[in-house]
Structures are given as structure tokens and as C-alpha cells.
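Lettering of chains follows the sequences in order, A, B, ..., and the numbering in each one begins at 1. Since the model is a prediction, treat every value here as computed from it, not as a measurement.
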Amino acid sequence: MTRFPHRHLLGIEGLSAGEISLVLDLADSYVEQSRSRERKSQLLDGRTVVNLFFENSTRTLTSFELAAKRLGADVINMAVQSSSVKKGETLIDTAMTLNAMHLDALVVRHAESGAVKLLSDKVNCAVLNAGDGHHEHPTQALLDALAIRRRLGRLEGLVVAICGDILHSRVARSNIHLLNAMGAHVRVVAPPTLLPSAIERLGVEVHHTMKSGLKDADIVMMLRLQSERMSGQYVPSIREYFYFFGLDYEKLAVAKPNALIMHPGPMNRGVEIDSEVADDFKRSMILDQVELGVAVRMAVLDLLTRPAREGRAA
Amino acid sequence: MTSPAAPAAAPASPARVAYVNARLLDPATGLDAPGALLTEGTRIADLGPRLFADGVPEGATVVDLGGHCLAPGLVDIRVQVGEPGEEHKETIKSASRAAAAGGVTALVVLPNTDPVIDDVAGLEFVARRAREVRLVKVFAYAAATRGTEGKEITEMGLLARAGAVAFTDGTKPVTDPLTMRRALSYAGAFGKLVVQHPLEPRLASGVMNAGELATRLGLPGVSREAEIIMIERDLRLAEMSGGHIHFAHVTTGESVDVIRRAKARGLKVTCDTAPHYFALTETDVGDYRTFAKVSPPLRGEMDRRAVVEGLADGTIDVIASDHWPQDADHKRLPFAQAAYGVIGLETLLPLTLELAHKGRMTLLDALARVTCRPADLLGLPGGRLAKGGPADLLAFDSDVPWTVDVSRFKSKSKNSAFEDRPVQGRVLRTIVDGRTVWQAEA
């Protein structure tokens, strides 16, 4: 497969293993480019990429900005205040306005599930979902997959335990879809209050203890727990949560001896992950994830702008 | 309260009209036979298979229905209008036009307007606007609690005297059990029922059916239990208070089961559902389709089937359109932010007929759910072909196929969940008090 047959990247759900591999293979080449002295190319010379963020983000925004710039694109970052009650109205209005400016790619983050899809219906350029509500965060799952593949050489057959606030996590959903498509065994580990209903229907094994969930796992993927969800709404307290679900060496002991640790960041040290584990350079892939994020986003920007660059109809 | 009997500028009811060559359908009596019907002024003067055997009476206008159906006009007991307060979404006039085009000759509006209809003046306003429009019969619920705030019961006696057909907080559930108990017992003393929107709000903070699809879409779900629990609670309160509880739009199999058992025990309980709950499922939400965002949410296929079953066995008494107009700005939003509601006045007939076309119910049984049953439930005139009764009639072609095209609808809002759906059965003529208020283009 050499062609990515989708106009937008709104989610991982619906992508085939071949399409995912296409992105990862291309991303591999961009890792090399980023590490070389000639890290900037002219591929997207004269093209315009807008990062439209309705939700605060430093990491993802920086990563997308860097990716577009390394490909030579003109990049504009727009942070839209989404605090107003009528934020949805500005969504369509903003989309129409931007569309009139002839963009080549629009990278969107929004606090509402489905907002990026809604916006993609109103514009002519490629749209990349940089995270929508609790729905999907496809480039995060792709960079996670790339990190695993580069370390272990494959995804198929691996046991991946995704731990923590699955209920509110777009990262978890995208990873579940991707890992299943690539033939990994996915487990989710969380207290029942942090699991969405019928999560097992997404093809995952459900565990409520770290002991059973991490047993013989190749990869332990930790999720961030928002502080406002820790005081009695979903879990009784931070200390209780860390006691049962925080990742430390003791809980990690049941996983495979060289099991790798991932976290999409930003981490809550002492809440979902112990500092020692997070900083264990042999086990933790947290910094790999950050590096590979740029390469994956370069690959996606490349693939989604190809039809326009090659003069084909998008 | 609002029978448009008062003199008005619109053309008066013609003296005598003879509807001949009709298939007479009266769900109340089980009549299904070729025949004719004569209206005199606002009343049905006579009907039957052998009527006019000796010729049509002199001076009567003759309408040849070409063998098509003549039934009581539809009675829709759950309609939201935007008047007063949100006239850009729907006025009593636009809702009346939509009703007439949909074969609905009587409708009951919810009190969720701005201001809320919770006093006599509010009812009189609706009645006055309906008289001015003078198309279909417009009745009104009054709020069960002041401002639909769920705290203090309204002046139910005075409201009943002023024409309130029943009490409900409409799109809002009465959540406080003590308030509900009092509303049920107090309304019961005036012979009125209380209509509940059965959702326990603490369990219903989501925006679509809880389950796999909501999880995939990353949307918070409304569990089926949120509805079932409220129904179970209110059945206890109804039993305790002796009042009559009516549940609007039931959507789950267990809701139907619970109500079926309560009826068997002799409780004063009735319920309705809306076409979207027997014709659509949560998969119609698909890729964040806000036009399929309703409250309670569309459920799964097993529940849809259970609702059809409940209709077929009579547990569900009534089909109401649950017409809730919304303008595009309130629907073209991310799913969780979009407004609830679909319009339904102009699709009520074909979607109800679908139950008969699919063999789930007889034609008469299906029609009963939108004619005599709702009329009897709320004590409204019409809903049957009765000698001396009001000439509120609907002529329709039961089989003609067509495709729903919302752009042709009379409703001011276009938020139908049925756009492009192939349906069967079309209104040919809508008659209110003997007067044709809508007629299909030839």
C-alpha cells in the first residue's frame, strides 16, 4: 500500500492494518530525517497548516507545529477561547472563515467529542484530529505504536495493558482501536467507575486489579487522571487511587521482566505513576513517545496533503 | 377549551359534504368497510357502508375519495411549540399548518415555553392564538409544578377549569418524589392525570444511549435504568396516591414490562411512545448526527423491538409525535452541545402506518394509537367516526410510497430524523369541524 485513502484523519477506528503500517513506515523515515543535520525539508513549501486548538495544550501543539515546520510549511497557531457558552457556534464560524483562506491542512483539538468531525464537514482541506473530547486522539495512538514497534519490532501478539481513567480518555480509545487492528492483545485496567459501559465490546479484556491486569504484559500504558476526578466523584481519593492503581515497581513485577512503560503525558507523579518508574530509562518510553510524536505527525501531514500536492482531487 | 367554534374570519364550515367512495376506518368501533360519510356543519351527520344507497342528498358537496381511506383525524398528545418565547422555532400557526399537512386534527402542546404555561393566563394565550389561527384544534397541558421547577404544584383546579387537559412538566421530569406524590393525588381529585417524562436526572447526565456506541463515540451515556427506575418509582407513587400516571415516550423493554405488570395489577397507568423509538435505533446517531439527538435517547435494537411489542399487545396506549422543533443553530453543534428534539407532526401518519405495513399491527390497531386512544386518554373530542361527533377527519392513501423531504414540510424547523426515509401512506385531506384545512396537491 502506498496511498492513504482517507481525506482526513479523524480517528483510528476504521483504519486498516495496512493503512496504519503505511503511516508508521513513513514515520520511521521521518525519525531519521529529524535526527539528521538536515532536519528540514521543502516538502510542504508554500503550503499552509493551521493548528486550531480550542483546548489548552502545549505538547501536542508544539509537536504539530514542529512537524509542519520540518516539512517546510507555513504554520499558524490559533488558540480559541472555548470558555464562552456558545463555543459551538464559533466552531462552525471559525471553520468557514479558515476555509475561505485556502488552507492545506487543519489540525484541530476540541473539548467535545465529534467536534472535529463536524468541522471537517465544512472545510475543503485535510483535517487532522489532535484530540476531540473523549473520542479519539489518533496521532497519539500512532506514535505509541511507532514507539513500541521500534523497540520490540512488532505489535502483533503483544500484551498491552492500558491503565487508569479509560472513561474520559481519547488516548485509550485510539490505542484500543489501533492495537486491535494490529493484532495485539489489549487489556484495560481500572476501577469500574473509570470504565465506560460496554468497553469489552471494543475487544479488550477488562481487569479491576493491577495484579491481574499487568500479569505477563509486554507494555504498560498509563493514563493521566485529571485531578478534579479524584475527590469522590470517580475514585475516593488520590492516595487510595495510587495505592491500588498507581504504577510502581511492586505492581510492575508481575509484568514481563522487560515490560515497557508508556504515558501520553503530562504525568501526575505520585498519582498514576511513581517517579522512579517514570524515570527508569531502561523501561520508560515516555521520552521516546515525545520524539516520535513529531515524526508521526510529519508522516500524517505528508500523506494527507499528497492528493493536493500531486494535483489529484482530495 | 379551544374548540374553534367561535366566529372567525376564516371560511365557515360548509353546510353539507358527502364523502363518497371511501374506505371507512374507525378504530373505536372496528369498522373497516367501503362506504360514505356525510358531514353537516361541524358534525358527522351519518356514515356507513350503505349510506347514500338511494343517492347523495340534494345540496351536499360531493367529495369522491376514489376508494381511499377515511379515518378520524389524528390526535397528537405531545407537541412542543415555541410560542410564546421561541417563535423562530415554531409558532402555534406553523405547528397548526404542519399538523394539518400531517393529518393531525387535534394536538396538545407542552408547557415548556417561555414563560412556562403554569397559570390561567398562559392557557388563555394559547387558546386565543389557536382561535386566531383556526386550523386544527389546539389543546394544552399545564405545568404540574410552578415554572416546571419541580417544587410547588400549580393551581391545578383553576387550570383544569381553564382547559388544561392534564398536568406535566413536559420535557422536564418531576424529580422530587414528594412533589410527584402530591401532584398525582391533587390532580386526581380533578379527574386529571399527570404526564411524566421518565428519566432520573442523576442517572441521565449523558447525551445518547449508554453502551458500546456511546463508548466508541466518546459520549456520556444515559442508561436504560435511568428511565426504568423513574417509572418504577412513579408507579409506587401512583399506587400510593391513587392518581393516574401517564408515562411519555417509553423507550426500553423493561419499561414496557414494568408497565404491563402494573396494568395487570389494576394500577391507573398509561403510556405512549414516539415514532422514533419504534422506527429508529441508536445507530441512527451514527457519526454524531445531532438530528437523532432526542430525550430519552434512541435505544438499541432489542429495545426498539420491545417497544413495537408493547404497541402490538396494547401495553403502550398511544403514539405521539413528540414534535420538538429546533433551529439549525441549535443542532449544528458538537453532539453533546446540540439541542434535543425532532419534529414529527408531518411524519406521524406514515411512520404509524409502517407498523401495519410491516405486519406488526392491524391497520385499525395502529390507527387506534393515534386516534381514539389518545382522545379517550385526555377526554378530547374526536378520534372516532361517530354520528353526531365532531367532523375531524383524515382522508389518506394508505399505500402510496414517498420519500421524506423535509424541505417540503410546513414546520418552521427542519430537524427531522427521517429525512430521505422511504415511507408509505400519505395524507390526502385533513378536515376539522367539517372544514377542509389541508388538501394534497392533485
Is it true that atom CD of A:Gln233 has more than 12 heavy atoms of other residues, nucleotides or ligands lying nearer than 6.0 Å? no
Would one find more than 12 heavy atoms of other residues, nucleotides or ligands at under 6.0 Å from atom NZ of B:Lys93? no
So which of A:Pro196, A:Ser197, A:Ala198, A:Gly133 has the largest heavy-atom pair count under 4.5 angstrom toward chain B? A:Ser197
For chain B, which candidate among A:Lys122, A:His135, A:His134, A:His168 shows the most heavy-atom pairs at distances under 4.5 Å? A:His135
Once rounded to the nearest 0.5 Å, what's the spacing between atom CD1 of A:Ile92 and atom CG of B:Asp329? 9.0 Å
CG-CZ distance between A:Leu118 and B:Arg289, expressed to the nearest 0.5 angstrom: 14.0 Å
Check each atom of A:Arg173 against the heavy atoms of chain B and say whether the ones under 4.5 Å are side chain, backbone, both or neither. side chain
Using a 4.5 Å cut-off on heavy atoms from C-beta on, say whether the side chain of A:Asp121 contacts that of B:Tyr288. no
Residues in residues 213-226 of chain B near chain A [non-hydrogen atoms, under 4.5 Å]: B:Thr215, B:Arg216, B:Leu217, B:Gly218, B:Leu219
